[in-house]
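Notes for the one structure printed next.
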Amino acid sequence: MLPNDHPLNTGRTSSSPLILNMRGVRTRPLPVWFMRQAGRSLPEYRKMRENIPMLDSCLTPDVAAEITLQPVRRHHVDAAIFFSDIVIPLKLSGIDVDIKPGVGPVISEPVRTQSDIQRLRELGDIDLSPITEAVRILCAELGNTPLIGFGGAPFTLASYLIEGGPSRDLPHSRHMMTHDPTLWSTILSWCADVTATFIQAQVLAGASALQVFDSWAGKLDPKEYLKFALPHSRRLFDQLTPLVDGQGEPVPRVHFGLGTQKILTQMHSAGATVMGVDFHTPLTAAQDLLGSSVPLQGNINPALLTAPWSEIRAHLDDVLDQGASSPGHIVNLGHGVPPETDPDVLTRIVEYVHLASA
């Protein structure tokens with residue numbers, strides 16, 4: 001149960017276009033936000049991040065709050081996404097992890113043996129205080145605009161933990177899946193639990209929705225996903241399901257992965273109430289797979305953000321047309337904002353979608 005002063009309970013965000021569409025009630029206009037809207041595409045972000053390492057910026061409450069607010073002010077999007085990183089729970093639990101420019105998360109001592117498991121610990125309230133403080137700052141500033149909390153799905157988080165960084169083929173993870181499934185299960189169960197704690201802290205502090213990113217789930221075929229990933233994603237979502245408002249309505253739960261059309265229904269079965277759709281998957285195809293009752297989020301192709309406006313506009317019209325049969329449609333990208341994106345294009349997209357869907 002959420003606190004009485006939570007934005008969903010006070011009415012500040014419960015009637016927002018984002019929350020209504022996530023709960024299956026279409027609005028005019030439709031809501032828009034962008035994955036990775038806070039970040040490298042914004043000059044104000046680059047200026048603020050000068051001489052501040054990525055993970056430090058995530059764990060400094062006033063910095064994380066300001067970066068989260070920047071795209072809301074500039075683009076007038078219908079939601080803020082909490083500025084953090086899926087490896088922050090690893091950092092807070094004592095894992096030596098850093099974000100290397102041009103590389104991504106790098107872990108100095110990967111977890112690959114039973115003895116390595118001893119280094120994994122649970123998170124407490126003190127560990128999470130930078131997160132909850134940043135969320136409280138944001139909720140005071142955002143007014144009626146909802147904040148979305150987020151975390152990484154166990155499979156994606158574990159892939160970094162086991163591989164030691166980004167990996168195209170996940171050789172250590174795949175070896176562990178087949179040769180030591182007990183160790184694999186132990187690591188992913190821990191990843192599920194630590195991420196659940198991370199997301200719960202954001203929601204209880206004021207986030208009105210949550211999104212679970214399974215960035216690398218598309219590397220698995222359906223049988224592999226069912227056996228090695230889905231049980232642990234369910235474990236994560238099972239811990240998030242009790243997050244309900246004073247009316248018993250669940251906090252909306254979005255699940256997103258890249259290249260996941262072949263496993264979209266299985267991903268939904270993990271416990272999401274809304275499915276994020278990547279740009280490879282037509283929204284009509286996603287709706288056919290998921291059924292008519294599941295709200296959708298997506299799925300503008302990020303590669304088109306540098307195209308002429310006439311081409312972008314035609315693509316937006318197609319996305320809106322394809323999402324027309326969804327009980328709720330949250331317009332978003334089918335992946336994150338590329339760093340080279342002109343911010344003015346994003347602002348123009350928000351304006352156009354609001355106008356075209358009104």
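This is a predicted model, so every value here is computed, not measured.
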Worksheet item: Would you find more than 12 non-hydrogen atoms of other residues, nucleotides or ligands less than 6.0 Å from Asp125 atom CG?
Response: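 For Asp125, atom CG is not crowded (no more than 12 foreign heavy atoms under 6.0 Å).
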Item to complete: Taking atom CG of Asn4 as the centre, report whether more than 12 heavy atoms of other residues, nucleotides or ligands fall under 6.0 Å from it.
Response: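 At most 12 heavy atoms, drawn from other residues, nucleotides or ligands, come within 6.0 Å of this atom.
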Item to complete: Decide, yes or no, whether a salt bridge links Arg235 with Asp193 under the criterion of side-chain N to carboxylate O below 4.0 Å.
Response: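 Answer for the salt bridge query: yes.
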Discussion item. Quick test of your reading of the model: are Arg40 and Glu340 salt-bridged, counting only N-O distances below 4.0 Å?
Written reply: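 Between Glu340 and Arg40 there is no salt bridge, as every charged N stays at least 4.0 Å from the carboxylate O atoms.
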Discussion item. Just checking Phe213 against His255, ring centres under 6.0 Å apart?
Written reply: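 Judged by ring-centre distance (under 6.0 Å), Phe213 and His255 do not meet the cut-off.
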Fill in: Exercise: identify the closest heavy-atom pair between Gln266 and Ser269
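Closest heavy-atom pair between Gln266 and Ser269: O-OG, 2.6 Å.
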Practice prompt. Indicate if Val353 and Leu305 have the same hydrophobic cluster label, given that clusters are the connected sets of ILVMFWY residues with side-chain heavy-atom separations under 4.5 angstrom.
Written response: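 Yes, same cluster.
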Worksheet item: Given the rule that I, L, V, M, F, W and Y join up when any side-chain heavy atoms are under 4.5 Å apart, are Phe34 and Trp309 in one cluster?
Response: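 Phe34 clusters together with Trp309.
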Discussion item. Evaluate Thr306 against Leu304 for side-chain contact (heavy atoms from CB on, under 4.5 Å), listing each step before the verdict.
Written reply: CA-CA 5 Å; Thr306 54; Leu304 292 179; over 6 Å; no
Worksheet item: With a 3.5 Å cut-off and no angle check, do the side chains of Tyr45 and Arg49 form a donor-acceptor pair?
Response: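 Their side chains do contain a donor-acceptor pair, which is all the 3.5 Å distance test asks for.
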Worksheet item: Which residues pass the salt bridge (Lys or Arg N to Asp or Glu O under 4.0 Å) test with Arg121, sequence neighbours left out?
Response: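 Counting only residues at least two positions away or on another chain, Arg121 forms a salt bridge (Lys or Arg N to Asp or Glu O under 4.0 Å) with Asp127.
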Discussion item. Using modelled atom types and a 3.5 Å cut-off, is there a donor and acceptor pairing between side-chain atoms of Asn21 and backbone atoms of His329?
Written reply: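 Indeed, once roles are kept as given, a pair shorter than 3.5 Å links the two residues.
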Discussion item. My understanding is that a hydrophobic cluster links ILVMFWY residues whose side chain heavy atoms are under 4.5 Å apart, including indirect links. Using that, what else belongs to the cluster containing Ile137?
Written reply: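 Members besides Ile137: none; it forms no cluster.
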